[in-house]
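Please read the structure below before turning to the comments.
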Amino acid sequence: MAAALELVGISKELGEDALHKLSQMPLASFLQISLTKMEKGGAAECEMKLDPARHGNPNGTVQGGSLSTLADITTSFAVVALGAETCTVSGKLDMLRGKTPEGTLKCRSEVVKAGGTLVWTDLWIRDERGSLIAKGEYLNFRLSVPTPES
């Protein structure tokens with residue numbers, strides 16, 4: 001069962017809409033990514049429950065594509081927390097430490113700058129002990145489709 005979604009200054013309707021969108025992402029489901037927090041002003045947190053069969057690589061660490069997907073989804077929900085639909089333009093993720101594919105990773109993303117159509121976010125991925133595994137920055141495009149907060 002997915003963790004409960006904590007809403008900080010965000011309407012219940014926007015939270016439910018976000019959870020519905022996440023349920024429509026087969027890759028998020030496969031990678032066991034859940035949305036755990038959204039904050040007014042543009043911040044979001046997601047968790048990824050690790051499993052060697054889904055997340056491992058031949059080196060015994062979490063595959064980088066799994067980390068990139070976690071980052072992409074989390075940054076997108078940080079933009080959704082602004083009340084905007086979004087799509088990713090580009091992203092940069094620096095892997096700082098290897099992690100065995102067990103336990104849970106937590107990703108936090110915060111909007112750094114929100115322009116008229118472009119939104120810049122920073123993100124951090126940490127393991128269950130709080131060790132920084134990866135950090136990055138993503139650029140998203142704000143779509144003109146309204147969300148419940150718009």
Side-chain angles (χ1 to χ4, degrees), residues 2-50 54-55 57 61-99 101 103-150:
L5 175 57
E6 179 185 353
L7 301 172
V8 180
I10 300 284
S11 74
K12 182 178 177 184
E13 185 180 25
L14 182 61
E16 290 171 353
D17 186 58
L19 289 174
H20 175 71
K21 284 179 174 55
L22 184 63
S23 75
Q24 301 299 305
M25 298 178 193
L27 187 55
S29 176
F30 176 78
L31 291 175
Q32 302 181 95
I33 296 173
S34 58
L35 176 63
T36 57
K37 187 174 187 180
M38 291 176 71
E39 300 175 22
K40 184 176 178 125
E45 295 180 12
C46 289
E47 292 183 354
M48 183 167 64
K49 185 174 186 252
L50 298 173
R54 295 172 197 249
H55 303 97
N57 65 27
T61 59
V62 176
Q63 203 277 334
S66 297
L67 296 173
S68 295
T69 302
L70 176 61
D72 181 52
I73 288 172
T74 308
T75 57
S76 292
F77 282 117
V79 177
V80 170
L82 296 173
E85 295 293 329
T86 185
C87 64
T88 302
V89 174
S90 64
K92 176 182 180 260
L93 188 63
D94 296 318
M95 306 341 180
L96 304 175
R97 172 185 313 233
K99 166 74 173 110
T104 302
L105 291 178
K106 298 180 181 191
C107 182
R108 176 166 176 87
S109 177
E110 298 173 358
V111 170
V112 175
K113 180 177 182 354
T117 56
L118 296 176
V119 180
W120 290 263
T121 58
D122 284 343
L123 70 103
W124 305 266
I125 299 175
R126 296 182 184 278
D127 67 13
E128 56 279 340
R129 293 185 313 255
S131 298
L132 189 60
I133 302 300
K135 68 178 188 68
E137 52 193 45
Y138 271 59
L139 177 62
N140 284 63
F141 184 80
R142 264 196 243 215
L143 302 170
S144 59
V145 179
T147 65
E149 294 274 311
S150 300

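When a residue number appears, it is its place in the shown sequence, counting from 1. The shown structure was predicted, so the numbers you read here are calculated from the model rather than taken from an experiment.
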Test item: [X] side-chain N/O and [Y] main-chain N/O as donor-acceptor pair under 3.5 Å:
X	Y	result
Thr74	Leu70	yes
Thr104	Met48	no
Ser68	Gly65	no
Thr86	Ser76	no
Arg142	Gly115	yes

What heavy-atom pair brings [X] and [Y] nearest, and what distance separates the two atoms?
X	Y	value
Gly15	Ile10	N-CG2, 4.3 Å
Val111	Ala78	CG2-O, 3.9 Å
Gly42	Ala81	CA-CB, 4.1 Å
Met38	Ala18	SD-CB, 3.6 Å
Ile73	Ile33	CD1-CD1, 3.9 Å

side-chain hydrogen bond (donor to acceptor under 3.5 Å, both in side chains) involving [X] - partner list, sequence neighbours excluded:
X	answer
Arg126	none
Lys135	none
Gln63	none

Kindly compute the distance separating [atom1] ([X]) from [atom2] ([Y]), expressed to the nearest 0.5 Å.
X	Y	atom1	atom2	value
Leu50	Ser66	CG	OG	8.0 Å
Ser34	Glu45	OG	CD	11.0 Å
Thr61	Arg97	OG1	CZ	13.0 Å
Asp122	Lys113	CG	NZ	13.5 Å

[Y] side chain reached by [X] side chain, heavy atoms, under 4.5 Å:
X	Y	answer
Asn140	Leu118	no
Leu93	Leu123	yes
Leu22	Phe77	yes
Glu13	Asp17	no
Glu110	Glu39	no
Leu31	His55	yes
Phe30	Arg54	yes

Legend entry - Sole candidate of Leu67, Ile133, Ile125 that passes side chain to side chain contact (heavy atoms under 4.5 Å, CB included) when paired with Lys99: Ile133
Legend entry - Under-4.0 Å salt bridge between Lys37 and Glu47: no
